[in-house]
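Written out below as structure tokens is the structure these notes cover.
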Amino acid sequence: MKRYGLLIDTSRCIGCRSCQVTCKQWNQLEAEKTVNTGSFENPPDLSDKCYNKIRFIEVAEKKNGVDWYFLSQRCMHCAEPGCVKVCPSGALKKSETGAVAVDKTKCIGCNYCKSACPFNVPRYSEDRKVAKCTLCNDRVLNGMQPACAKGCAPGAIKFGEWDELLKEAKASGKSAYGADSLGGTGVLYILEDKPEVYGLSPKPQIPLAVTLWKDILRPIGLVAFVGAIVAAAGHYAVIGPKSHEEKEGE
Ligand code: SF4
Ligand code: SF4
Ligand code: SF4
């Protein structure tokens, strides 16, 4: 199956939050209590009840007010996802569509995925189950586009085959964020300014501790474990089991 993704053109986003609402509606996410943090941004953070949040970024003062950038913040559906790498239960896994899918029934609430995500995306419900954007895999597998893309009237969120979206992002002549990170993120942003201005890391990476543990220490531990078993079996085959006298002498 082809890889699918989203291209989000921030220059087209008007901050209407329709994508935020359609996401909640499709995923049947409850309303949540919020707080006023002195910004139009609401709620202040992603949560188990908010998988897609519009970030409001105040950039410069115009003649009659302020100027804004808007960014739809959600899971990036990385080609090489840190969350999947560390998930011990299989609750997070790559789908054939390219989405990083969630199976809440398998989640054991260990929090590993949160520490392995370069974009600080996974959140947890009160019963310690992981919650995040699924790229609307349920809709995509049934021939529909994600709810947020359908709900975006100005066309800032475009769903399609990832290769085509990448070409379009690169042809824009602007910064195509995500194209060269983590194997290419499933969600690509066309940015008007530097990534840092949007609160994005210029070079997102899986934390070093995670890479060390999964790619180096764990395989070494496994090799050592298997080596010990092979050595014990070899000893048994060549020398044989300990005799009664040997055991008593000990
Ligand atoms: S953005 Fe985070 S949660 Fe989403 S796929 Fe990448 S590592 Fe996983
Ligand atoms: S793809 Fe689906 S789950 Fe993800 S932000 Fe859009 S509507 Fe929400
Ligand atoms: S629906 Fe489209 S224009 Fe409105 S906030 Fe979301 S991305 Fe921006």
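Each residue takes its place number in the sequence, starting with 1. Numbering of ligands and ligand atoms starts at 1, following listing order.
- Proximity to F119 (heavy-atom distance under 4.0 Å) selects the following atoms of ligand 1: 1 (S).
- In this structure, atom 6 (Fe) of ligand 2 lies nearest to the protein heavy atom C148 SG, 2.4 Å.
- The minimum heavy-atom distance linking C75 with K132 is given by the pair SG-NZ, 3.3 Å.
- Against a heavy-atom cut-off of under 4.0 Å, C117 is close to the following atoms of ligand 1: 1 (S), 2 (Fe), 3 (S), 7 (S).
- Ion pair K104/D127 not flagged as a salt bridge, since none of the NZ, NE, NH1 or NH2 atoms sits closer than 4.0 Å to an Asp/Glu carboxylate oxygen.
- Ion pairing between E41 and R55 fails under the 4.0 Å rule for side-chain N and carboxylate O.
- A distance of 5.5 Å separates CH2 of W26 from CG of D138, quoted to the nearest 0.5 Å.
- Per-residue contacts place P154 under 4.0 angstrom from the following atoms of ligand 3 (heavy atoms of the residue considered): 3 (S).
- Atom 2 (Fe) of ligand 3 does not have C13 among its coordinating residues (no N/O/S atom, backbone or side chain, under 2.8 Å).
- Using a 4.0 Å cut-off to heavy atoms of C152, the atoms of ligand 3 that qualify are 1 (S), 2 (Fe), 3 (S), 7 (S).
- Of all the atoms in ligand 1, the ones that sit under 4.0 Å from a non-hydrogen atom of P81 are 5 (S).
- Less than 4.0 angstrom separates some heavy atom of I157 from each of these atoms of ligand 3: 7 (S).
- Proximity to G15 (heavy-atom distance under 4.0 Å) selects the following atoms of ligand 3: 5 (S), 8 (Fe).
- Here C16 meets the criterion, with an N, O or S atom under 2.8 Å of atom 4 (Fe) of ligand 3.
- Every atom of ligand 1 is numbered from 1 in the order shown, and the set under 4.0 Å from a heavy atom of M76 is 1 (S), 4 (Fe).
- Remark: side-chain polar atoms of E80 are not paired, donor with acceptor, to backbone N or O of G184 under 3.5 angstrom.
- Within ligand 1, the atoms closer than 4.0 Å to a non-hydrogen atom of G82 are 7 (S), numbered from 1 in the order shown.
- The part of P118 lying near ligand 1 is the side chain, judged by heavy-atom distances below 4.0 Å.
- Nearest to atom 1 (S) of ligand 3 among the protein's heavy atoms is C19 N, 3.3 Å.
- Across all their heavy atoms, D48 and R123 have their closest contact at N-CB, 3.9 Å.
- The ligand atoms of ligand 1 that sit less than 4.0 angstrom from a heavy atom of C78 are 1 (S), 5 (S), 6 (Fe), 7 (S).
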Test side-chain contact (heavy atoms from CB on, under 4.5 Å) on L92 and C83 and set out the steps.
-> CA-CA 7 Å; L92 293 168; C83 58; 3.7 Å; yes
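- Contacts between N27 and ligand 2, counted as non-hydrogen atom pairs separated by less than 4.0 Å, involve the side chain only.
- Of all the atoms in ligand 3, the ones that sit under 4.0 Å from a non-hydrogen atom of I54 are 5 (S), 6 (Fe).
- Taking atom 2 (Fe) of ligand 2 as the reference point, the nearest protein heavy-atom neighbour is C136 SG, 2.3 Å.
- A donor-acceptor contact shorter than 3.5 Å links the side chain of K53 to the backbone of P44.
- Using cut-offs of 30° and 60° on the angle between ring planes, the pair F56 and W68 is perpendicular.
- Of all the atoms in ligand 3, the ones that sit under 4.0 Å from a non-hydrogen atom of I14 are 3 (S), 8 (Fe).
- Side-chain contact check for T37 and S39: no donor-acceptor pair (N or O, by modelled atom type) lies under 3.5 Å.
- Salt-bridge formation is not detected for the pair E30/K24: no Lys NZ or Arg NE/NH1/NH2 atom is positioned less than 4.0 Å from an Asp or Glu carboxylate oxygen.
- One side chain, R74 or S72, offers a donor N or O that lies under 3.5 Å from an acceptor on the other.
- For atom 4 (Fe) of ligand 2, the choice among C75, S72, C23, C133 with the nearest heavy atom turns out to be C133.
- Listed by number with element, the atoms of ligand 3 under 4.0 Å from a non-hydrogen atom of R17 are 4 (Fe), 5 (S).
- The C83 neighbourhood of ligand 1 comprises atoms 3 (S), 5 (S), 7 (S), 8 (Fe), with distances under 4.0 Å to a heavy atom of that residue.
- In this structure, K2 pairs ionically with E161, as a charged nitrogen and a carboxylate oxygen lie closer than 4.0 Å.
- Under 4.0 Å from ligand 3, not a single heavy atom of I8 appears.
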